[in-house]
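Following: one structure in structure tokens, then a few remarks.
These numbers come from a predicted model, not from an experiment. In the text below, chain A, chain B and the rest are named by the order of the sequence lines, each starting its count at 1.
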Amino acid sequence: MDVRSALDVIAADAARGDIVFPTHTEIALRVQRLLDDPECSVNALTKLIGAEPILATRVLAIANSIAYNPGGRAISEIKSAVARLGFATLRALAATVILRQMKDLPPAAEHRALAARLWEHTASVASLARVIAHRVTRQNPDAAFFAGIVHEIGSFYLIARAGAFPGLLTSDLELWHGDGEAAVGRAVLRALQVPAPILEAMETLWSGFLAMPPTSLGDTLLLADQLSPVESPIDALAGMSRKGMIVELELLIDDETLTGILAESAEEVASLSSALKS
Amino acid sequence: MKPALHGTDEPSEIVVLGAGDFYFGGGQTRISTLLGSCVSITLWHPRKRIGGMCHYMMTERSRVPDRALDARYAGEAFDLFLQHVEAAGTRPNEYQAKLFGGANMFTGSGGKMDIGRRNIELGRALLSSQHIALVAEHVAGSGRRKLHFDLWSGDVWLAFPEGADAKIRNSYGR
């Protein structure tokens, strides 16, 4: 298996904009476009979301998770859920629909299983990123959540294309980390018209350098990625596995420690992650 | 091509620390190193904007009087810190410390505490003995860490995990 040639072809296709999203993602893409419209109304959004059952289910589940509903007041109407979540979170949830459908694209069962594990990692990182943004880096939690949702989009695309390159996902993918993942990820995120601050955070993620102490949106993403108990299966293929050995990461944030903040937020992270995976 | 370190000024000097090396100074200097089971401690004085980094490999050895300090050993690297701190007219507790490295680079150690773990624990104890605030640490796990420390700002940048062939190659450390 010539890994370099295969990755070059995949990156070149992505760079040309030759990206085919699953057919059922059309409504999710329309939600993204509607959210970009300054005239966007809650009524129009509610109608559009209600027409896509997967998105509607996700919107209600997240709106009722502890992260967005600490008071435990359950709601069952899309319109109330839209009002509770806000437009920034809805943008992230529309992206989850696209990613979940990309996850189910590969014809091979083993590739779908890999994508399912990658989705578990994604849900964990997005949930952690939201808490870290709020409590540690003082970034916008909704932006961090969105960045977490899309942070492995290049790898989802790689898995979706892997059927055309037999043996690719059982090869050493060290070349994927760095330029390969960044080239594909950039192209897919541009096709999805992802906002510039998210792209900037992704560049930090791809650079791999975490500021200690972390401050930016990109640092938020890197920190969530490193703290996530669910490792990316692509990291293992690329020889970057943690091999089950936990990193000890501690920071002093004002009068608190990172460990203490994460312990306090564990239930919130778990509820959000679970709602994303359901 | 975007620089690997986001939002930083450019260094005027780059010091690359190998295993057992030590550096203390100031100015527009970036100290870079690559860690496995070794540990680096960074010390930074926020008012004077000076500081240093060690890269020790082992905990301690039997000291022979009058022999020069050897920064391969944690205790002696820390003594070097204390000498520079005093020479700069400062006190240890005025510095902020960060601790990195101590990865378990080998598997199957048979339950024996690995060298990375011993390096981490002695680093924490040495800092505590001088009442130096440990404001951040990124230790243990498996894999290499690439580290940059900017003396003009106190910022530390860390890439983890790095691949088996990771090297400090250029000013951006990529």
Side-chain angles (χ1 to χ4, degrees), chain A residues 136 172-179 182-183 186 197 199-223 225-229 231-232 235-259, chain B residues 1-8 32 37 39-40 42 44 96-109 114 116-117 120-121 123-124 133-150 153-166 172-174:
Chain A
V136 178
D172 177 354
L173 284 183
E174 189 168 356
L175 289 168
W176 173 247
H177 270 275
D179 291 347
R186 254 181 232 120
L199 282 173
E200 193 180 322
M202 289 295 293
E203 293 292 349
T204 300
L205 179 78
W206 292 322
S207 83
F209 276 95
L210 170 67
M212 291 288 286
T215 54
S216 69
L217 189 60
D219 293 332
T220 305
L221 201 50
L222 268 167
L223 191 55
D225 194 42
Q226 293 187 10
L227 287 170
S228 169
E231 190 175 1
S232 161
D235 285 353
L237 290 177
M240 300 289 202
S241 173
R242 301 173 200 163
K243 298 170 189 160
M245 285 183 263
I246 304 297
V247 171
E248 295 168 31
L249 214 164
E250 188 60 285
L251 301 166
L252 289 183
I253 301 123
D254 300 330
D255 292 332
E256 296 183 278
T257 63
L258 176 66
T259 307
Chain B
M1 183 73 183
K2 187 180 183 299
L5 302 188
H6 47 101
T8 64
S32 299
S37 60
V39 161
S40 274
T42 65
W44 193 64
Q96 296 173 346
K98 297 174 187 172
L99 182 73
F100 303 97
N104 186 342
M105 303 301 288
F106 309 100
T107 54
S109 58
D114 65 81
R117 171 57 54 191
I120 294 164
E121 292 187 357
R124 288 171 178 158
L134 180 54
V135 297
E137 63 173 30
H138 192 300
V139 298
S142 173
R144 293 166 194 272
R145 289 174 169 86
K146 197 182 280 183
L147 204 64
H148 302 298
F149 175 29
D150 293 342
S153 65
D155 288 337
V156 173
W157 309 84
L158 175 137
F160 174 82
E162 287 288 286
D165 64 344
Y172 293 120
R174 298 301 286 176

**Set of salt bridge (Lys or Arg N to Asp or Glu O under 4.0 Å) partners for A/E248, sequence neighbours left out** = B/R117, B/R124

**Asked** If we only count heavy atoms from C-beta on, is the B/T42 to A/M212 side-chain gap below 4.5 Å?
**Response** no

**Prompt:** For B/F160, which of A/L210, A/L222, A/V247 qualifies under side chain to side chain contact (heavy atoms under 4.5 Å, CB included)?
**Reply:** A/V247

**Message:** Holding to side chain to side chain contact (heavy atoms under 4.5 Å, CB included), I want the full list of residues that pass it with A/E250, two or more places apart in sequence or in another chain.
**Reply:**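 Only A/T257, A/L258, A/T259, B/E137 meet the side chain to side chain contact (heavy atoms under 4.5 Å, CB included) criterion with A/E250.
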
Provide the closest heavy-atom pair for [X] versus [Y] in the form atom of the first, atom of the second, distance.
{"X": "A/I246", "Y": "B/A140", "value": "O-CB, 3.8 Å"}
{"X": "B/H148", "Y": "A/F209", "value": "CD2-CE2, 3.3 Å"}
{"X": "B/L134", "Y": "A/L252", "value": "O-CD1, 3.6 Å"}

**Complete:** One should read off an interatomic distance between A/D219 CG and B/W157 CH2, to the nearest 0.5 angstrom, of 6.5 Å

**Message:** Return the OG1 to CG distance between A/T215 and B/D155, rounded to the nearest 0.5 Å.
**Reply:**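 Result: 7.5 Å between the selected atoms.
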
